[in-house]
A.B. asks: 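Below are the structure tokens for one structure; questions will follow.
We name chains A, B, ... by the order of the sequence lines, and we start the count at 1 in each one.
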Number of protein chains: 2
Amino acid sequence: MGKAEAKDIFSDYVREKGLRNTRQREAILETFLSSGKHITVEDLYNSLRRKTPGIGYATVHRNLKLLCESGLANEIKVGTDKARFEIKYGHEHHDHLICIRCGRFIEVKDERIERLQDKLAEANDFVPVRHNKCFGRSRKGA
Amino acid sequence: MGKAEAKDIFSDYVREKGLRNTRQREAILETFLSSGKHITVEDLYNSLRRKTPGIGYATVHRNLKLLCESGLANEIKVGTDKARFEIKYGHEHHDHLICIRCGRFIEVKDERIERLQDKLAEANDFVPVRHNKCFGRSRKGA
DNA sequence: ACAATAATGATAATTGTTATCATTAAAACA
DNA sequence: TGTTTTAATGATAACAATTATCATTATTGT
């Protein structure tokens with residue numbers, strides 16, 4: 001699953017930016033890679049406290065941002081809800097369908113939509129960077 | 001431009017919900033209809049204070065929400081930025097392209113994308129409700 | 001080992017949104 | 001028209017998520 005590669009990439013990224021590799025950073029990436037999809041800062045913070053007592057919320061938050069910056073992670077913002085983070089390394093681009101009632105949160109991908117979106121952006125003098133989720137009501141909803 | 005119709009619709013909506021038509025509500029809708037696209041609560045609040053001194057921020061906020069509920073307005077959330085509101089009445093559905101650098105904010109529409117998104121949602125047992133903006137870097141950017 | 005300085009962790013500040021509540025004022029009715 | 005009922009208002013407090021601050025700790029290069 002490429003955990004070691006991900007760690008190397010992050011470690012290199014940190015070093016090349018003139019930053020430092022710390023045990024907290026390592027623990028954060030390790031636990032993040034082992035976690036489920038779409039985790040919040042709080043989720044990760046709680047998981048980490050077991051293995052890395054004394055770790056601070058701000059540190060977890062800061063390093064999730066840094067992971068995004070490095071390209072290994074991805075931040076998902078849904079309305080005013082808490083930010084969620086997902087692993088990007090080794091996962092190809094996808095969108096999300098989110099139920100506004102029960103929270104069901106699934107990954108979807110449609111190449112035709114992707115292509116059309118890119119074209120639409122370019123036709124309007126935009127360089128596409130990212131696009132957001134779709135909301136709906138799930139028929140499977142809780 | 002249908003300002004009168006919009007006012008009637010809102011007035012009826014308020015009455016039918018057992019709520020009351022107030023001069024603040026009227027002023028809020030009037031000013032909202034005269035405002036530019038994608039206005040924030042703060043923008044509208046500032047515009048209103050000139051014509052309706054003493055009006056409260058909470059009142060503006062509450063009534064923008066109510067306007068959304070009535071179907072006349074639409075809330076646009078971009079990340080953790082302030083919520084923006086746009087007139088829905090007399091405007092057909094569209095998406096937005098938003099520059100993550102300069103904030104350029106334009107409306108776009110592509111029927112093919114719309115159709116494909118609806119199909120994708122339905123194929124995954126979702127009833128589509130709304131979908132979000134696309135982010136990019138504008139080549140026209142400031 | 002030492003010096004330089006980035007990272008950490010605790011906490012405060014910030015920001016946008018929403019809730020609270022005493023007061024005001026619509027709407028219905030006598 | 002005056003009275004009653006109760007929703008709306010406006011000021012402010014509460015809230016929640018994120019980000020900034022800063023003294024202390026720890027990593028990296030010498």
A.B. asks: Write down the atom of Ser70(A), the atom of Phe10(A), and the distance for their closest heavy-atom approach.
C.D. replies: OG-CD1, 3.9 Å
A.B. asks: Under 3.5 Å, is there a donor-acceptor pair linking the side chains of His91(B) and Glu86(B)?
C.D. replies: no
A.B. asks: Looking at DNA chain D, which of residues 8-15 of chain A put a heavy atom within less than 4.0 Å of it?
C.D. replies: none
A.B. asks: Between the axis at one end of the helix from dA1(C)-dT30(D) to dA30(C)-dT1(D) and the axis at the other (five pairs apiece), what's the angle to 10 degrees?
C.D. replies: 30°
A.B. asks: According to the interplanar angle, ranging from 0 to 90°, do the rings of Tyr57(B) and His61(B) count as parallel (below 30°), tilted (30 to 60°) or perpendicular (above 60°)?
C.D. replies: parallel
A.B. asks: How many Å lie between CG on Leu66(B) and C1' on dT9(D), as a whole number?
C.D. replies: 14 Å
A.B. asks: Atom CD of Glu16(B) and atom C1' of dA7(D): how far apart are they, to the nearest Å?
C.D. replies: 17 Å
A.B. asks: Does this structure show an ion pair linking Asp118(A) with Arg115(A), if we count only N-O contacts that are shorter than 4.0 Å?
C.D. replies: no
A.B. asks: Quick one: Phe85(B) CZ to dT17(C) P, roughly how many Å, whole number?
C.D. replies: 7 Å
A.B. asks: State which of dT18(D), dT28(D), dG10(D) makes the closest approach to the side chain of Asn21(A).
C.D. replies: dT28(D)
A.B. asks: Counting heavy atoms not belonging to Glu26(A), are there more than 12 under 6.0 Å from its CD?
C.D. replies: no
A.B. asks: With heavy atoms under 4.0 Å as the rule, sort Thr22(A) into base, sugar-phosphate or nothing.
C.D. replies: sugar-phosphate
A.B. asks: Counting side-chain heavy atoms from CB outward, which of dT8(C), dT9(D), dT28(D) is closest to Gln24(A)?
C.D. replies: dT8(C)
A.B. asks: Would you kindly give the CG-to-C1' distance between Leu64(A) and dA17(D), to the nearest whole Å?
C.D. replies: 14 Å
A.B. asks: What's the closest nucleotide to the side chain of Lys82(A) if the choices are dG9(C), dT17(C), dA17(D)?
C.D. replies: dA17(D)
A.B. asks: Between Glu75(A) and Lys77(A), is there a side-chain N and carboxylate O pair less than 4.0 Å apart?
C.D. replies: yes
A.B. asks: Side chain of Ala58(B) only, please: which of dA11(D), dA26(D), dG16(C) is the nearest?
C.D. replies: dA11(D)
A.B. asks: Without decimals, in angstroms, what is the distance between Lys77(B) NZ and dG16(C) C1'?
C.D. replies: 9 Å
A.B. asks: Whole Å only: how far is the CG atom of Asn63(A) from the C1' atom of dA6(C)?
C.D. replies: 12 Å
A.B. asks: For DNA chain C, whose closest nucleotide is more 5', that of Leu19(B) or that of His61(B)?
C.D. replies: His61(B)
A.B. asks: At less than 3.5 Å, do the side-chain atoms of Arg62(B) and the base atoms of dT18(C) form a donor-acceptor pair?
C.D. replies: no
A.B. asks: Given dG10(D), dG9(C), dA17(D), identify the nucleotide with an atom nearest to the side chain of Thr59(A).
C.D. replies: dG9(C)
A.B. asks: Arg20(B) side chain: which of dG9(C), dT28(D), dT5(D) is closest?
C.D. replies: dT5(D)
A.B. asks: Starting at CD of Glu26(A) and ending at P of dT28(D), how long is that distance when rounded to a whole Å?
C.D. replies: 11 Å
A.B. asks: Where do Arg49(A) and Asn46(A) land on the side-chain contact (heavy atoms from CB on, under 4.5 Å) test, with the steps shown first?
C.D. replies: CA-CA 5 Å; Arg49(A) 293 213 294 179; Asn46(A) 288 329; 4.1 Å; yes
A.B. asks: Within the 3.5 Å criterion, strictly below it, is a donor on Glu69(B) or Tyr13(B) matched to an acceptor on the partner's side chain?
C.D. replies: yes
A.B. asks: Is it the case that atom NZ in Lys119(A) sees more than 12 heavy atoms from other parts of the structure closer than 6.0 Å?
C.D. replies: no
A.B. asks: Rounded to the Å, how far apart are Tyr45(B) OH and dT17(C) P?
C.D. replies: 15 Å
A.B. asks: Between the side chains of Lys3(A) and Glu30(A), is the shortest nitrogen-to-carboxylate-oxygen separation below 4.0 Å, so that they form an ion pair?
C.D. replies: yes
A.B. asks: Classify Lys65(A) by what it touches in the nucleic acid, base, sugar-phosphate, or nothing, heavy-atom distance under 4.0 Å.
C.D. replies: sugar-phosphate
